[in-house]
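These notes are about the structure you will find just below.
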Amino acid sequence: MKREYETVIGLEVHVELATKTKIFCGCTTAFGGAPNTHTCPVCTGMPGALPVLNKKVLEYAIAVGLATNCEITRDCKFDRKNYFYPDNPQNYQISQLYLPICRNGHVTIQIGDQTKDIGIHEIHMEEDAGKLVHDDWEDCSLVDYNRSGVPLIEIVSEPDMRSAEEVIAYLEKLRMTIQYLGASDCKLNEGSMRADVNLSVREVGTDRMGTRTEMKNLNSFKAISRAIAAERERQIELLEEGKPVIQETRRWDDNKEYSYAMRSKEDAKDYRYFPDPDLVPIHVSEEWIAKIRKEQPELQEEKILRYQTEYDIPDYDIQILTSNRHLADLFEKASALCGSPKKVSNWLMGETMRLLKEKNMDPEDLTLTPENLSDLVTLTDENAINSSVAKDVFAVMFDTPIDVMKYVEEKGLKNVNDSSALEETIVKVLEENPKSVADYKAGKTKAMGFLVGQSMKATEGKANPQMIRTLLEEKLNS
Ligand code: ADP
Ligand code: MG
Ligand code: ZN
């Protein structure tokens, strides 16, 4: 009988914090820029340069820790993690080993109607490394230190996940929470959120953990799912053949859908960690934690509860609208302006989502204003424009904010609701289509649809079809 295996997964997630300046110097954290222009003696590791901690980094780390139910370490410090690599100019990375800022937290994930807590072992602060640029043409590698010293937090989970689905749910929950806090934009594809997946397998029923591997270079949820499936199979195959799984770091190649060994796994002792003598220990006061807690924005769980009492919209809408702070803000502001929450929600859930997907944008990238959205809802509520015109106007304001009322007026997009003007059109349409008139009179009711269509066309789609139908019926039946 074939043995059954369970997958055990723990994640190490690096998140770039949204500070304006680096963790230990005043250089900008702006992405890009000509190589080595966002640098100074500190972040290029010049001898004698002294690091000074950016207070905002600590505040963001504490905010993320509070939002993930962690204990905050009152007295924490930084340690040196020693290793040589050209993107690491000091030959050590300033990180935290002994006293990380946050410990023993958890986040709750939901899959279907099941919830599960995923433990967070710790969150520590550290600096990012530079980037090597491989120049095949010149056959050399160059180094760009612009990213060196950009602040990171590393969120280390307990090995509590059992499937790719749980991993994705955990990452989505972390991303949403951190985005809500404004601590990072958490973009996997741009590297502001990076997940290393530690995976082992064990026979169902055993308590002992199997040997794990760590996979790097996973920059989309799809890549993560594929890598998990492939690594699980690879390890099971080894075990079935009676071979050991080797504890190592593997690099996932998403094009080949295959991972290969990068290096054998180092232990903490390989890095010869020791407390960084250049940085003073940090004391985090009760008052400071209380202040950060108080300034915490309303997170999704609380928002959901408030929406359920405040707005008459379905739970499904509430889930989606609150999944992103920017979307939720837009919804709340536009609803307050026009007083029709369900209609605002329809625009956000329908056209907005469709266009975001089509243009490959995130909700953060939305430039749509609550005023524009509210004006559009008002115009359709008053029946001043019909739904197809509204969609066109929406597509315009989705790209750039406009003066909706003026735009509709100037482009002549308002409904023709004036029955005397419509009457002229209808008379003309009836004259031009004697066959349809005869058909209708002979009892072929289908002809009515055609006549309504022709009349709509004659008004360039600006009439109310129901009104046209009524007028046509009046004329034909008289
Ligand atoms: P290291 O210090 O060597 O990086 P840690 O104990 O800090 O190792 O664990 C790193 C990550 O690996 C954590 O997210 C943890 O949950 C996960 N992990 C540890 N052991 C296993 C295992 N046997 N299977 C899967 N994941 C594991
Ligand atoms: Mg580790
Ligand atoms: Zn610098």
Side-chain angles (χ1 to χ4, degrees), residues 5-14 19-30 33 36-46 49-54 57 79 81 83 89-90 93-98 100 103-107 118-124 126-130 144-151 154-164 166-167 170-171 174 194-203 206-216 218 227-228 231-232 235-236 239 244-250 263-271 273:
Y5 291 92
E6 175 180 52
T7 320
V8 175
I9 305 167
L11 297 190
E12 290 163 286
V13 176
H14 284 93
T19 55
K20 292 203 168 56
T21 55
K22 293 185 178 179
I23 182 167
F24 299 122
C25 64
C27 294
T28 175
T29 55
N36 298 306
T37 53
H38 303 166
T39 54
C40 73
V42 173
C43 57
T44 50
M46 297 294 166
L50 285 175
V52 177
L53 177 63
N54 179 344
V57 171
D79 305 296
K81 179 180 183 179
Y83 67 96
Q90 300 155 145
Q93 177 194 29
I94 305 179
S95 180
Q96 297 192 290
L97 178 73
Y98 303 106
R103 280 193 281 217
N104 299 332
H106 68 267
V107 297
I118 306 296
I120 291 181
H121 182 76
E122 65 170 75
I123 302 177
H124 59 256
E126 60 187 27
E127 55 181 345
D128 209 345
D144 175 6
Y145 290 122
N146 283 353
R147 201 181 63 182
S148 168
V150 166
E154 179 175 341
I155 305 165
V156 183
S157 86
E158 298 293 352
D160 287 347
M161 287 158 273
R162 296 290 175 268
S163 65
E166 289 186 3
V167 167
Y170 169 75
L171 285 170
L174 274 188
R194 316 194 274 267
D196 300 339
V197 173
N198 295 274
L199 185 150
S200 63
V201 297
R202 64 179 173 193
E203 253 187 270
T206 43
D207 302 332
R208 215 166 47 84
M209 291 275 192
T211 305
R212 72 176 190 274
T213 59
E214 178 180 355
M215 282 183 290
K216 291 190 176 291
L218 302 162
I228 288 173
E231 183 59 11
R232 174 189 152 86
Q235 290 188 12
I236 291 176
L239 297 179
V245 172
I246 295 166
Q247 184 169 333
E248 62 193 358
T249 302
R250 301 178 67 84
R263 54 170 189 254
S264 66
K265 174 77 186 157
E266 316 74 1
D267 274 327
K269 65 179 186 304
D270 297 324
Y271 290 115
Y273 275 97

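Counting convention: from 1, in listed order, for ligands and their atoms alike. Owing to the predicted nature of the structure, the values given are computational and were not obtained by experimental measurement. Because only heavy atoms are used, hydrogens play no part in the values below, and waters and symmetry mates are left out as well, while side chains stay in.
- Side-chain N or O atoms of K20 include none that pairs as donor or acceptor with a backbone N or O of G26 at under 3.5 Å.
- With a heavy-atom cut-off of 4.0 Å, L11 touches ligand 1 through its backbone alone.
- Residue contact annotation: H38 places no N/O/S atom under 2.8 Å from the Zn ion (ligand 3).
- The shortest N or O to N or O distance between P159 and ligand 1 is under 3.5 Å.
- Without hydrogens or angle criteria, N198 side chain to L11 main chain gives no donor-acceptor distance under 3.5 Å.
- Of the listed residues (G119, G210, G10), the one carrying the non-hydrogen atom nearest atom 23 (N) of ligand 1 is G210.
- A donor-acceptor pair is defined here as one N or O able to donate and one able to accept, closer than 3.5 Å; no such pair exists between the side chain of D144 and the backbone of G130.
- Within the 4.0 Å heavy-atom criterion, neither part of E214 lies near ligand 1.
- Residues P51 and I94 have side chains in contact (heavy-atom distance under 4.5 Å, counting atoms from C-beta outward).
- Close contacts between ligand 1 and V8 involve ligand atoms 24 (N), 25 (C) [criterion: under 4.0 Å to a heavy atom].
- To the nearest 10 degrees, the Zn ion (ligand 3) sees SG of C43 and SG of C27 at an angle of 110°.
- None of H121, E126, H124 except one satisfies the side-chain contact (heavy atoms from CB on, under 4.5 Å) rule with P100; the exception is H124.
- When atom types are taken as modelled, the side chain of R232 and the backbone of V201 share no donor-acceptor pair closer than 3.5 angstrom.
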